[in-house]
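All values below were derived from every heavy atom in this structure, side-chain atoms included, with hydrogens, water molecules and symmetry-related copies excluded. Nothing here was measured: the structure is a model prediction, and the numbers come from that model.
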Amino acid sequence: LQTEKNNIYSQQNMPHKITADAFLEALDLPSEHPYATPRFSTVPPNDAKQEWSIFSYFSSWKDSQASPNSIGTDECEDLPSPSWAKKQHGQGDAIEDVCHHPSLAAANQFPVNNSNEVDFFQEIEPCLVSMFHMSIILWAPLVIIVCLKRLYVPWKAPSHQLEPDCSAKSSSGQKKSSIQKPSYFLSLPSYMPSLRKTTMAHDKQRRQTPEPYQNNTSFERLLLSLSLFLNAITVMASFSAIFSIEKEKKEAKTPSPNENNKTREDTTDDCFKIFHRARSNINDDAISQVPFTFTSEWVAYIVALIFTTVVMNDAMYVLAFPQTNLVALHIFVIFISLKRFGSRVALTTALPISAIAFYIMAHQDLDLPTIEPGLYYDETNPFISGVVKSWHVDKRTYDDGTPWMITGDARTGLPFMLNKIPTQNFIRRWVPLPEEKEAVILDIAFPDNMVIDDDKRVYLVLHGINGDSNEGYVVDFVHRQVSQGNVVAVMVTRGLGDSPILGDNILHFARISDVSAAARALKNAINQVSPNEGLLLAGVGYSMGAITLANYVASDSKCDLDVAIAFSGSLDTKQQRYFHRSASLWQPFIAKAMRDTLLSRYSRQILRKLDQEQLKELMKAKSLVDFDRALFVPYFGFEGLDDYYSRMGAMADFDLNGYEGRISNVSIPLLCIQALDDPIASMAAFHDPTRVSKSGNGNTVLLFTQTGGHVGWPLGWNPSLNGWRW
């Protein structure tokens with residue numbers, strides 16, 4: 001479409017440049033909230049975003065317990081003022097009047113402050129369980145490698161543990177007798193300085209760097225420290241035997257002066273003899289009292305069995321590797337332990353763990369995607385076919401991802417931790433919603449020269465759930481597009497970021513009127529500054545923003561966008577109810593953050609609409625499905641969760657028996673990009689991709705990559721250098 005328009009302009013020979021001031025004038029949107037006080041007009045500083053963390057929640061919960069009426073008084077819900085706005089503009093009489101309104105007494109009955117109803121642990125328990133589960137899944141490969149190294153590659157035996165050379169002669173010229181060292185001696189720590197048979201220089205080097213810690217990562221050091229601590233229990237038996245032998249030596253005859261001239265080798269041989277004499281005591285007393293299962297190798301064996309059990313029953317690992325390979329890894333751990341500990345110890349230890357592992361594998365449903373990766377489009381649509389032919393395969397193939405991120409969980413979470421977020425400035429405008437007396441934010445970014453060529457694009461970006469224009473992937477996209485001369489407008493979801501809600505119409509994600517108003521305002525401005533329709537208006541949505549964008553395109557056959565691209569958004573949101581892995585692993589964090597955001601800002605509105613039982617269910621919500629059922633369904637009067645999700649998803653009314661629903665109304669090119677290893681959005685939400693791509697006029701295009709995660713797609717060995725470029 002852009003190429004077609006450019007050809008028209010080149011034929012007409014009408015190059016045109018548009019200034020940012022001209023675009024803003026044509027946009028004709030207020031720089032201040034049209035229905036509230038001017039304190040909401042200022043663009044928040046970069047540090048205004050307050051991300052949820054379990055530590056900040058501990059603090060806020062403690063404050064709420066200390067003050068029963070604190071809910072609703074800290075942030076002023078009917079006319080919420082963010083903390084940054086309070087610092088810049090002060091509290092003001094209006095905020096004081098609202099915050100001390102008598103209706104806040106109702107907050108005294110809010111269940112979060114009643115330990116008999118919902119205590120603090122019940123609120124954070126799903127997050128703690130998810131955090132523990134997530135840590136096991138993310139670190140499983142590294143832990144397994146460390147344990148296998150501990151089991152399969154024993155520590156290099158120092159020279160004092162080697163068999164003494166029988167052909168060597170002592171200082172007296174007599175042939176030394178060969179002493180067979182006990183097998184238990186090999187399990188003693190290698191850092192005992194009295195047993196080293198090395199040069200002084202080598203001794204000094206070993207003292208500076210203990211041998212068990214050489215050439216290991218920090219994580220290995222932590223694990224080895226724990227292993228050495230457990231191994232100390234076994235070593236104590238050896239020490240007790242050593243001390244008893246030393247006591248016998250002191251009581252014996254004092255050695256002659258000639259014996260003091262013995263070489264270091266003779267001294268070492270004496271140590272061998274001492275341990276040889278102590279072997280009987282160790283076998284009879286110590287080993288019988290301290291079982292072999294207390295050694296660090298046994299601990300590594302147990303950890304390796306548990307973690308291989310986890311990976312062979314986890315959907316993301318099974319998707320990345322064949323399940324038979326993961327089972328073979330579990331069996332390999334048992335095999336190398338047979339030689340290490342013997343069949344009795346190895347099999348007795350592995351039997352219960354392996355039985356549980358195979359029982360889970362036989363009875364669980366991993367819900368793996370059945371869709372093949374690739375591009376799905378309608379070949380009978382000439383326009384879409386032309387776009388696909390001009391779209392180079394390398395540009396739509398994700399095959400240079402980060403090699404050491406092997407699962408969708410890693411590709412989802414780690415980019416948010418590693419990627420560098422550039423600094424980006426926005427110009428804020430407000431889109432009025434006169435029917436509701438509300439407004440939504442448009443944060444607009446222009447090129448550095450504040451000039452737009454009419455062959456460029458204007459992007460309308462919708463962020464993810466509980467986000468704003470400061471989201472990392474949003475800022476990364478904005479920065480890249482602005483550097484190419486394009487204009488990007490980020491619409492902040494009503495009530496999120498630092499936008500207020502003046503009435504009772506709080507946010508919900510089945511609403512498309514806000515997106516429609518923002519797209520219409522941008523389209524009107526484009527028509528004024530570029531009468532020949534040179535500028536292309538493209539919608540870009542991420543995660544929940546992708547769901548809303550696709551729903552808007554499918555619901556409005558005359559939408560104002562020219563093209564829409566949705567990243568990691570479900571089309572049939574009703575299928576999310578059955579994605580249990582996402583509900584137990586990722587959604588508790590998201591639901592917790594959403595609950596904290598809405599209750600900290602709009603507790604008055606929620607208290608007026610929900611009764612005590614509904615509030616209690618809201619506080620106990622463990623996933624987004626539970627959260628939607630407890631809050632949005634009763635608050636807005638939906639008939640049920642099915643009704644709410646049917647209105648939210650573009651394919652929620654899709655019928656496999658023939659009825660295509662709203663998705664057949666798509667009148668512009670709609671590209672949906674999804675990774676098969678997405679741990680948050682269910683792949684079942686796309687049903688039959690071939691049929692979906694041929695629905696309606698064939699304007700829907702689906703692109704599935706084998707890997708990528710949820711809004712991830714990291715690139716290269718160092719993904720921070722590329723950000724979200726793909």
Side-chain angles (χ1 to χ4, degrees), residues 2 20 23-24 27 29 43-44 46 49 415-416 419 421-431 439-447 452 456-499 507 509 511-523 525-526 535-553 559-569 650 668-673 710-713 723-726:
Q2 184 70 59
F23 185 87
L24 291 174
L27 193 59
L29 294 178
V43 179
N46 293 330
K49 182 180 177 183
F416 287 87
N419 290 352
I421 302 176
T423 302
Q424 182 62 51
N425 297 321
F426 294 96
I427 298 176
R428 174 155 295 183
R429 291 294 183 267
W430 296 81
V431 181
V440 294
I441 294 174
L442 271 186
D443 284 339
I444 307 173
F446 292 96
I452 316 158
K456 297 298 183 179
R457 294 167 296 279
V458 177
Y459 290 99
L460 174 61
V461 177
L462 306 183
H463 57 77
I465 189 172
N466 202 31
D468 55 15
S469 56
N470 290 321
E471 289 292 318
Y473 52 87
V474 172
V475 177
D476 184 89
F477 175 80
V478 173
H479 187 75
R480 295 180 189 278
Q481 296 302 324
V482 167
S483 63
Q484 298 176 14
N486 300 311
V487 180
V488 184
V490 182
M491 193 199 82
V492 180
T493 301
R494 180 192 304 197
L496 296 182
D498 57 319
S499 61
L507 76 159
F509 299 104
R511 180 187 291 126
I512 61 174
S513 58
D514 296 355
V515 184
S516 178
R520 188 180 307 114
L522 291 172
K523 191 65 174 180
I526 290 175
L535 287 175
L536 185 73
L537 179 58
V540 178
Y542 296 94
S543 191
M544 184 59 73
I547 296 175
T548 305
L549 179 65
N551 190 27
Y552 162 65
V553 173
C559 70
D560 293 295
L561 299 175
D562 295 318
V563 65
I565 304 156
F567 289 92
S568 302
I668 64 170
L670 169 63
L671 173 63
C672 299
I673 303 177
H710 186 83
V711 195
W713 291 283
W724 287 272
R725 178 172 58 85
W726 192 86

* What's the spacing between Trp430 CH2 and Ser499 OG if we round to 0.5 Å? -> 6.0 Å
* To do: Only counting residues at least two apart or in another chain, list the ones meeting side chain to side chain donor-acceptor pair (under 3.5 Å) with Ser483.
  => none
* To do: With ring pair (Phe, Tyr, Trp, His ring centres under 6.0 Å) as the test, would you mind laying out the steps for Trp724 and Tyr542 before giving the verdict?
  => CA-CA 12 Å; Trp724 287 272; Tyr542 296 94; 8.9 Å; no
* **Candidate pair Tyr473 and Ser568, rule side-chain contact (heavy atoms from CB on, under 4.5 Å), full reasoning** => CA-CA 13 Å; Tyr473 52 87; Ser568 302; over 6 Å; no
* Structure fact -> Tightest non-hydrogen contact, residues Val478 and Ala445, listed as CG1-CB, 3.6 Å
* Asked: Is the closest side-chain heavy-atom distance between Arg428 and Ile441 below 4.5 Å?
  -> yes
* To do: For Leu29, check side chain to side chain contact (heavy atoms under 4.5 Å, CB included) against everything at least two apart and list the hits.
  => Leu27, Arg429, Val431, Pro432, Leu442, Ala521
* **Atom pair CD1 (Ile452) and CZ (Arg457), whose distance is rounded to the nearest 0.5 Å** => 12.5 Å
* To do: Taking the side chain as every heavy atom from C-beta outward, state whether Ile427 and Leu24 have any pair of such atoms under 4.5 Å apart.
  => yes
* **Qualifying salt bridge (charged side-chain N to carboxylate O under 4.0 Å, His left out) pairs, either residue in residues 479-488, two or more places apart** => Asp476-Arg480
* Chi angles and distances behind the ring pair (Phe, Tyr, Trp, His ring centres under 6.0 Å) call for Phe477, Tyr459 -> CA-CA 10 Å; Phe477 175 80; Tyr459 290 99; 5.1 Å; yes
* Would you give the length of the straight line joining atom CG of Leu535 to atom CD1 of Ile526, rounded to the nearest 0.5 angstrom? => 5.5 Å
* Determine the minimum heavy-atom distance between Ala519 and Leu561, stating which atoms define it. => CB-CD2, 4.2 Å
* **Minimum heavy-atom distance between Gly467 and Leu496, given as atom pair plus value** => O-CB, 3.7 Å
* Non-neighbouring partners of Tyr552 that pass ring pair (Phe, Tyr, Trp, His ring centres under 6.0 Å), sequence neighbours left out -> none
* Asked: So, Lys523 side chain and Ala518 main chain: donor-acceptor pair closer than 3.5 Å or not?
  -> no
* How about Ile565 and Ile673: do any of their side-chain heavy atoms sit closer than 4.5 Å? -> yes
* Steps toward side-chain contact (heavy atoms from CB on, under 4.5 Å) verdict (Met491, Val461) -> CA-CA 6 Å; Met491 193 199 82; Val461 177; over 6 Å; no
* For Asp562 and Ala538, indicate whether the former's side chain and the latter's backbone hold a donor-acceptor pair under 3.5 Å. => no
* Which value, rounded to the nearest 0.5 Å, describes the distance between Ser469 atom OG and Asp498 atom CG? -> 7.5 Å
* **Closest contact, heavy atoms only, Phe416 versus His710** => CE1-O, 4.5 Å
* Does His463 use its side chain to pair, donor to acceptor, with the backbone of Thr493 at less than 3.5 Å? -> yes
* **Heavy-atom check, side chain of Leu536 versus side chain of Val458, under 4.5 Å** => no
* Look up atom CZ in Phe446 and atom CZ in Phe426, then write down how far apart they are to the nearest 0.5 Å. => 11.5 Å
* Can you name the side chain to side chain donor-acceptor pair (under 3.5 Å) partners of Arg494, sequence neighbours left out? -> Glu436, Asp514
* To do: Please identify each residue that fulfils side chain to side chain donor-acceptor pair (under 3.5 Å) with Asn486, with sequence neighbours left out.
  => Gln481
* Spatial distance of atom CG (Leu462) from atom CG (Leu460) [nearest 0.5 Å] -> 5.0 Å
* May I have the step-by-step check of side-chain contact (heavy atoms from CB on, under 4.5 Å) for Asp443 and Val492, ending in yes or no? => CA-CA 8 Å; Asp443 284 339; Val492 180; 4.1 Å; yes
* **Minimum side-chain heavy-atom gap Leu670-Cys672 below 4.5 Å** => yes
* Evaluate side-chain contact (heavy atoms from CB on, under 4.5 Å) for Val490 paired with Val474, printing each intermediate quantity in order. => CA-CA 8 Å; Val490 182; Val474 172; 3.9 Å; yes
* Closest approach of Ala546 to Gly569 (non-hydrogen atoms, all atoms of both residues) -> CB-CA, 3.8 Å
* Structure fact -> All heavy atoms of Ile444 vs all of Ala489, minimum pair found to be CG1-CB, 4.0 Å
